[in-house]
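This report refers to the structure that appears directly beneath it.
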Amino acid sequence: MPRKSLPVKMPILKSLGVADSKVPRAGTLPLRSSRNPFEEVPGLEEEESGELGSLPNGTSCGRRATLEKLAGLAPFRLGWTPSRRGGSPGNGQPRSFLGRVLSPGIRRSSADFGLLARLQGIRAQGDEEAAGEAARRLAFLRLGRGPKPRRASLAERVVPAGEAAPEPPPQVPEPPKVKEPLSVLEILSLIQQRELARADEHILELEAEELASSGCGVPGPPKAEGAAGGRRARDVALLYEALQRELWALVRETLAGPGPGAGAGAGAVAQLGQVLVQEEAADGRRGPGAARKLRARWAEAVARAARERLEAAAPGAPGGLAGQLEALRARLLEDMGVVRGRLAPAYPAGLGAFSVYLRGYHGALAEWLAVAARRRLPLADRYALLHWHNQVYPREVLGLVDVVALENGELGPLLSPGTLRGLEDECVTDVKAQTRAALLRVLQEDEEHWGSPEDQPSSLAQDVCELLEEHTDQAPRISQEFGERMAHCCLGGLAEFLQSFQQRAERFHENPGVRELPPDTYVSRTISLVNCGPPLRALAERLARVGPPESEPAREAAASALDRVTRLCHRVLADLLFQELQPHFNKLMRRKWLSSSEALDGIVGTLGAQALALRRMQDEPYQTLVAELHRRALVQYVRPLLRGRLRCRSARTRSRVAGRLREDAAQLQRLFRRLESQASWLDAVVPHLAEVLQLEDTPSIQVEVGVLVRDYPDIRRKHVAALLDIRGLCNTAARHEILAVARDLELSEEGASSPPRDRVFFADIPVPRPPFCLSLPLVLGRLPLSRLARPSLACLPRPRSPSASRPRAQR
């Protein structure tokens, strides 16, 4: 008969059942009524010393329930859930493990957390061994126990169903909670979370506790290693280091990024400012010897951040030092815009945040420029550095930020006066050497083309002006004093160059080989040399005006060299022209001249044709040359007249000669007006001579001679006497009266200075042969010898020999 199967029992669940909660069975976990993990349990040590047995599934029961609770705890909390019962300690608020161990109101130091660290280390060893077994055991227990039954609430147990709930008792106001001080690690956590103002408050409280425990009014050095006061002092020092690291990191981040806008960024900067205010107030309580001076360190941190920003902006900029300076300018404007618009308003007003940032950037920039100035820079980079320092930075950077700081002189100069003076001296020295070498090279290259038969345009003056103006235009933009020094330096180099230019021009015209050049080429080359004068003269005058007073000798030397070159070239051109005109001038003052205008027509035609070539000359030297041609033409016209080439024997001849002179004078006047001659003072010389020849009465001749002597101070009595000889005036008394006018005017002008070269006329006309007295009148024979020896009486014409006068009469 088959055996009837019995239902299978579960011995494990049966063995785990507990009839009496106060008496533990064999093979079960001991439970505790208290929640204190360190409460002593009687009999527990005996169970731990021996083998506690094992569960039916083979799992060892050798671990204590307290360690089971500690196995899953965090380092500083015991995993307390917010759903604790109302009667538990803390009234529903989670309390830490050390908070339950230590008495309330005592701050947990860094040494207290060493206990948890050691406990955590011991607990971790057992966790690694039984992690898998504990997980399986707990899962099996939950399977055997089934779902957790719902427990009636307190209201359901107290009030039966169907009855009204009683009125709740009146609430009793809770006593004020005692604020629990934060631990060192909790303060450190606040610092790491950038709750800087709150963390600083707790640090100040911790510092006050340390001062109270040490019994001194100011913080002192930490005590021995085991002393609680020394440990707290070290905690304060370490927290301050962590706080400052976060503060200065915040300073760097707000500048390196786009800047704090709304929200957390502005709030973090505001907390930074609040920390500075709190620490400044605390420094007043600490005293001068123990002050932490966080405000000064904040300024240093701003300067370091500014230095990093500027150093990061400059190296990658193209264009050498000028490009780097432009990158610095852009970075300064960008960062100062962020400071003005976003950072400074977030700080407390009493800190003067904008001025601190401005001084920080100013100092960082001063260091950068000082390093750059100590390097051996090329001339262009030194110009760029000086211009940026003196003009760009004050106008385009400081001029847009803080005018008040500039007026108070808080910033100071970027570079010291000695450094600036050294840079300027190096610039002047380099310019002096470079310009002189470049000017001589340009002159040598241009001189090589002077003797070439090809007519090539010259750019000598333009090249010289560009070489010098490159420096004379930049220096005044840096500073007025530097502009004066540079102008004096360039003017000295220009004077030396013009002296060399004069010497080479003289050698060129003295060289016999240049005569072999075609006339047009020679004239064109001479005009090119003359055209160098006006721009170089204007440059020398401008440099002399800008330069210091000691620049005047250099200006005079430059002007003298240019005048010599101009006069030389004008004389060469005039000589070439009058060599061509000389045959026409030889035909003047002849018998044929009275009835024919052929000679004067040739003069006018030749001058008009040559004037076309002279038009290529600059205006100033052209006017000077035309005036000289005007003067020399009239000198050549009057010279044969005063040399006695023509004699007037009658009034009719004198009238014809005077009329012819007036016609020629009018034609020459029209010619030179067409040539734009400015020597209008020459227009009246020939008409005056014609009037002296035509007038008959002595008083009228005296008046005309007086006008002639007044307008042309270089006329002498010998010229007047020669003119009287031409008109045939042999009356001794009349001659004496006329010559007396010339003599009186000469005596009145003896102390006066001689006329300038461009106003000389009669001085260039050779003196006629001295007159010879043929016979003396009876009246003169009674005069004493002293009166006869006077030159004014030796005025009679020398008698000509019959042989010399006969051919002239025959003609």
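Numbers here simply count residues along the sequence, with the first being 1. Only heavy atoms go into these numbers, but all of them, side chains included; no hydrogens, no water, no symmetry mates.
In plain terms, the two heavy atoms of Leu379 and His471 that are nearest each other are CD2-CE1, 3.7 Å. Between Leu333 and Glu396, the closest heavy-atom pair is CD2-O, 3.4 Å. When all heavy atoms are compared, the tightest approach of Ala353 to Trp298 is CA-CH2, 3.9 Å. Considering every non-hydrogen atom in both Ser479 and Asn390, the closest pair reads CB-ND2, 4.0 Å. Summarising the geometry of Leu325 relative to Ala384, their closest heavy-atom pair is CD1-O, 3.7 Å, with the distance given to 0.1 Å. Minimum interatomic distance between Leu377 and Leu321 (heavy atoms only, all atoms of both residues): CD1-CD2, 3.9 Å.
The one candidate from Arg234, Arg286, Arg285 that meets the salt bridge (charged side-chain N to carboxylate O under 4.0 Å, His left out) condition with Glu207 is Arg286. Among Leu358, Val397, Leu398, the one residue that satisfies the side-chain contact (heavy atoms from CB on, under 4.5 Å) test with Leu332 is Val397. For the side-chain hydrogen bond (donor to acceptor under 3.5 Å, both in side chains) test with Ser189, the passing option among Glu186, Gln192, Gln193 is Gln193; the others fail. Here the options are Arg329, Arg252, Arg309, Arg342, the test is salt bridge (charged side-chain N to carboxylate O under 4.0 Å, His left out), and the partner is Asp335; only Arg309 passes.
In this structure, CG on Leu243 lies 11.0 Å from CG on Leu190, to the nearest 0.5 angstrom. For the atom pair Leu365 CG and Leu414 CG, the distance stands at 5.0 Å (nearest 0.5 Å). Once rounded to the nearest 0.5 Å, the distance linking CD of Glu246 with CD of Gln244 reads 11.5 Å. Atom CG of Leu255 and atom CD of Glu334 lie 10.0 Å apart (nearest 0.5 Å). A distance of 5.0 Å separates CG of Leu423 from CG of Leu386, quoted to the nearest 0.5 Å. Note that CD of Gln278 is 10.0 Å distant from CD1 of Ile203, once rounded to the nearest 0.5 Å.
Looking at Leu196 and Leu250, their side chains come closer than 4.5 Å, going by heavy atoms from C-beta outward. Counting heavy atoms from C-beta on, the side chains of Leu310 and Arg307 never come closer than 4.5 Å. Inter-residue side-chain proximity for Val184 and Leu238 is flagged as unmet; no heavy-atom pair is nearer than 4.5 Å. Within the 4.5 Å cutoff, side-chain heavy atoms of Arg297 are placed close to those of Trp248. Between Glu195 and His202 there is no side-chain heavy-atom pair separated by less than 4.5 Å. Counting heavy atoms from C-beta outward, Arg376 and Arg382 have side chains that approach closer than 4.5 Å. Side-chain contact between Arg198 and Gln274 is absent, with no heavy-atom pair separated by less than 4.5 Å. Taking 4.5 Å as the limit, every side-chain heavy atom of Phe482 sits out of range of all side-chain heavy atoms of His387.
Under a 4.0 Å N-O distance rule, the pair Arg421/Asp425 qualifies as a salt bridge.
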Which is it for Asp235 and Ile187 under the side chain to side chain contact (heavy atoms under 4.5 Å, CB included) test, yes or no, and what are the steps along the way? CA-CA 10 Å; Asp235 291 342; Ile187 298 174; over 6 Å; no

For Leu204 and Glu279, what are the C-alpha separation, side-chain angles and deciding distance, and is it a side chain to side chain contact (heavy atoms under 4.5 Å, CB included)? CA-CA 9 Å; Leu204 291 176; Glu279 288 295 327; 3.6 Å; yes

As a quick check of understanding, evaluate side chain to side chain contact (heavy atoms under 4.5 Å, CB included) for Trp388 and Leu369, giving each step before the final call. CA-CA 10 Å; Trp388 199 90; Leu369 292 181; 4.2 Å; yes

Stepwise side chain to side chain contact (heavy atoms under 4.5 Å, CB included) check, Asp200 with Tyr240: CA-CA 8 Å; Asp200 184 64; Tyr240 266 115; 4.1 Å; yes

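Heavy atoms of other residues, nucleotides or ligands lying less than 6.0 angstrom from CD of Gln391 number more than 12.
Contacts of Gln480 classified as side chain to side chain contact (heavy atoms under 4.5 Å, CB included), with partners at least two apart in sequence or in another chain: Glu484. Legend: residues meeting side chain to side chain contact (heavy atoms under 4.5 Å, CB included) with Glu280, ordered by chain and number and at least two apart, are Arg295, Leu351. In this structure Ala330 satisfies the side chain to side chain contact (heavy atoms under 4.5 Å, CB included) test with no other residue, sequence neighbours excluded.
Taking the six-membered ring wherever Trp is involved, the centroid distance between the rings of His362 and Tyr393 falls below 6.0 Å.
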